[in-house]
Number of protein chains: 2
Amino acid sequence: MPTVSSEELAAAAGVNSAKLRKDFSYLGSYGTRGVGYDVEYLVYQISRELGLTQDWPVVIVGIGNLGAALANYGGFASRGFRVAALIDADPAMAGRPVAGIPVQHTDELESIIRDNGVSIGVIATPAGAAQQVCDRLVAAGVTSILNFAPTVLSVPDGVDVRKVDLSIELQILAFHEQRKAGEEAAADTAAVPAAPRKQSATDQGPDGDVPAVMPA
Amino acid sequence: MPTVSSEELAAAAGVNSAKLRKDFSYLGSYGTRGVGYDVEYLVYQISRELGLTQDWPVVIVGIGNLGAALANYGGFASRGFRVAALIDADPAMAGRPVAGIPVQHTDELESIIRDNGVSIGVIATPAGAAQQVCDRLVAAGVTSILNFAPTVLSVPDGVDVRKVDLSIELQILAFHEQRKAGEEAAADTAAVPAAPRKQSATDQGPDGDVPAVMPA
DNA sequence: GAGTGTGAACGTCTTCACAGCG
DNA sequence: CGCTGTGAAGACGTTCACACTC
């Protein structure tokens, strides 16, 4: 398939074809009227704009289950990421290979960052260690951090942090699940904190004023 | 701190206080003018709306590094999720406890779902197994699926799927990192596919027409 | 006086619809 | 004729600003 139309791509992606064309137009005019988009050329242009054509060395700090899962994750290599090093605070881990890469001790964090020109760090440590690791990464020159630890990290200006909370997606599913289950089942038996005293004449009790609407 | 104002909450969350008040207003009128919001009552109302007061049994299928990381993840319990079972296709895993829960074999998937009234399933298998696992979960009555496998799952209407791609967040960081590095460094040395022949009089070559703008 | 709740103004993103090009 | 590229219209979400309540 050498060529593809906005209509086809839109259908595949489940969006409106106009949106897709408009989005593409921000990258430049890479389509051909009456024909569509040249697939190979389009892929290259999008890849370049997204930074996929560059090599991004990353370090993963905290090689527990999650760190190991990340190290083994196949999707990284194909997107231009290269795991430059795995770092863990446990001396017993040092030297042990995970996903074919030997784990190094935290002591070497700074030199690893500098020697490899790493600008992106992944934190997969327990919550307690995260801020400290973060500070050291930043001090060593890292300017983008992906945080899997359940803490809010504070960083100086100019450093980007993205936090991934594995339970938030579950939360969203549960929220919709609750809506599916519907408003039929009413009684919530958990203890309801008393509403602050409202001097309304007809206090209907804790569940008298149920939420009316919630935007989808 | 028994009471809190929209201004304080907004500052803490880094958003506009008006937005916060408007959002809260969709849940009902739980504030007190001149005073603020009763913290305990507010927490309860939000928890209830989000479904945090309910007990959500979930199963995790695929107990590799990622599955194990999820099973050990502390954030679940506090949000109303209960890991009802861990399921893996490898018979050698069966019976082995992970995060204190014994792994069960895939053969028992259907009965586990039914016996525990599970409506949310987490897929942490390799890509190849994901669709098959998904089909079995759905057939057994699961209506919400959290997919960590790098595949697009197809499901019947009425079933929600959320896909978590661990590399997408890295991608986003890399994108911004690329912008930080700035437009100073120009030359991209990777092989550029030829642009489809445009009969323009002045073909400036592959990089003559660089993208002009990109919305933030 | 302090701070909520909310209509109205505003800005942004999406979709329409069509001129223009291949 | 088919499909892109894009102004204009429309939908949506955010912010302002103030009446109203405690």
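The sequence lines fix the lettering, A, B, ..., with proteins before strands; numbering per chain opens at 1.
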Subject >> A/Glu177 with B/Arg162: basic N within carboxylate O range, under 4.0 Å >> reply: no
Would you tabulate the nitrogen or oxygen pairs shorter than 3.5 Å linking the protein to nucleotides 14-18 of chain D?
| from | atom 1 | to | atom 2 | distance (Å) |
| --- | --- | --- | --- | --- |
| D/dT14 | OP2 | B/Lys19 | NZ | 3.3 |
| D/dC16 | OP2 | B/Asn16 | ND2 | 3.0 |
| D/dA17 | N6 | B/Arg21 | NH2 | 3.3 |

Original post:
Does a donor on one side chain and an acceptor on the other come within less than 3.5 Å for B/Tyr44 and B/Glu40?
Top reply: no
Original post:
Hey, are A/Arg48 and A/Thr53 close enough side-chain-wise for a donor-acceptor pair under 3.5 Å?
Top reply: no
Side-chain N or O of [X] less than 4.0 angstrom from OP1 or OP2 on [N]?
{"X": "A/Tyr37", "N": "D/dG2", "value": "no"}
{"X": "B/Ser6", "N": "C/dT4", "value": "yes"}
{"X": "B/Ser29", "N": "C/dG5", "value": "yes"}

Length of the line joining [X]:[atom1] and [N]:[atom2], which is rounded to integer Å:
{"X": "A/Glu8", "N": "D/dT4", "atom1": "CD", "atom2": "C1'", "value": "14 Å"}
{"X": "A/Tyr30", "N": "D/dC3", "atom1": "OH", "atom2": "C1'", "value": "19 Å"}
{"X": "B/Arg33", "N": "C/dG3", "atom1": "CZ", "atom2": "P", "value": "14 Å"}
{"X": "A/Leu9", "N": "D/dC3", "atom1": "CG", "atom2": "C1'", "value": "13 Å"}
{"X": "A/Glu7", "N": "C/dC16", "atom1": "CD", "atom2": "P", "value": "11 Å"}
{"X": "B/Asp38", "N": "C/dG3", "atom1": "CG", "atom2": "C1'", "value": "15 Å"}

**OP:** Check the surroundings of atom CD in A/Gln132: do more than 12 heavy atoms from other residues, nucleotides or ligands lie under 6.0 Å from it?
**Re:** no
Subject >> For B/Asp165, all residues meeting side-chain hydrogen bond (donor to acceptor under 3.5 Å, both in side chains), sequence neighbours excluded >> reply: A/Tyr73, A/Arg79, B/Ser167
Original post:
Would you say the ring centroid of A/Tyr37 lies under 6.0 angstrom from that of A/Tyr30?
Top reply: no
